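Some notes on the structure that comes next.
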Amino acid sequence: MTHQLNEMLDTLSKIDISNLDACKECFSPDLIWHYENAELPEQRGEVHGVEGLNLFFQRVLNTQNYSLNVEVIHAHPVGDELLLMHTRNRTSWCRREVEFDVALIWRFEGSRVVEVWDVPAVTSGMRILSDNSSEKSHTNTLGTNASKHCK
């Protein structure tokens, strides 16, 4: 199992979301990326292929001022094709520095990513680290429909 985990993590380490064309070999041509985030309903759904994934990350990063730092907290292989992952992401969003937890399920065929389920925590798993906006929050989360606060 350790060998398979190392292969999966090696593939993921080659992925650069700012230049997905340079790492196309990491993905199946039939890639499907599922994204679920109640705070960003305009981003929810499926994208297909590296081209679709490029457009998805351009849209998401545009809402976050092009910053995203991903720290892997835990990775657990399930058989030879699935990798369950918990990450902690940091980004600038709505003039706030935020940190949030994400659950990911990666499905592999050999050394290529075929399908991904990407589900960020949007309430209890999201923390405001600093707030440069004019609207100060009294909680440690962005709250429901946080995107309405972005100006």
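Note that the coordinates shown come from a computational prediction; the quantities given were computed from them, not determined experimentally.
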Are Arg44 and Glu36 close enough for a salt bridge, meaning some N to O gap below 4.0 Å?
yes
For the backbone of Asp80 and the side chain of Gln4, can you confirm whether one donor and one acceptor N or O come within less than 3.5 Å of each other?
yes
Report whether Val119 and Leu83 are members of the same hydrophobic cluster (ILVMFWY, side-chain heavy atoms less than 4.5 Å apart, transitive linking).
no
As a test of understanding, state which of Asp30, Ile32, Leu31 forms a side chain to side chain contact (heavy atoms under 4.5 Å, CB included) with Glu115.
Ile32
Tell me whether Leu104 is reachable from Val72 by hopping between hydrophobic residues (I, L, V, M, F, W, Y) whose side-chain heavy atoms are closer than 4.5 Å.
yes
Mind checking ring pair (Phe, Tyr, Trp, His ring centres under 6.0 Å) for His86 and listing every partner two or more places apart, or none if nothing turns up?
none
Say whether, by atom type as modelled, one donor and one acceptor occur between the side chain of Thr11 and the main chain of Ser111 under 3.5 angstrom.
yes
Leu5, Val114: one ILVMFWY side-chain cluster at the under-4.5 Å cut-off?
no
Look only at the side chain of Arg112 and the backbone of Glu25, and say whether a donor-acceptor pair between them is shorter than 3.5 Å.
yes
Hphob cluster co-occupancy, Ile15 + Leu53, side-chain heavy atoms under 4.5 angstrom
yes
Please walk me through it: do Arg107 and Glu81 pass salt bridge (charged side-chain N to carboxylate O under 4.0 Å, His left out)?
CA-CA 5 Å; Arg107 187 168 70 84; Glu81 69 177 299; 3.8 Å; yes
So, do Arg88 and Glu99 sit near enough that their side-chain heavy atoms are less than 4.5 Å apart?
yes
Check whether the ring centres of Trp33 and Phe27 lie less than 6.0 Å apart, and answer yes or no.
no
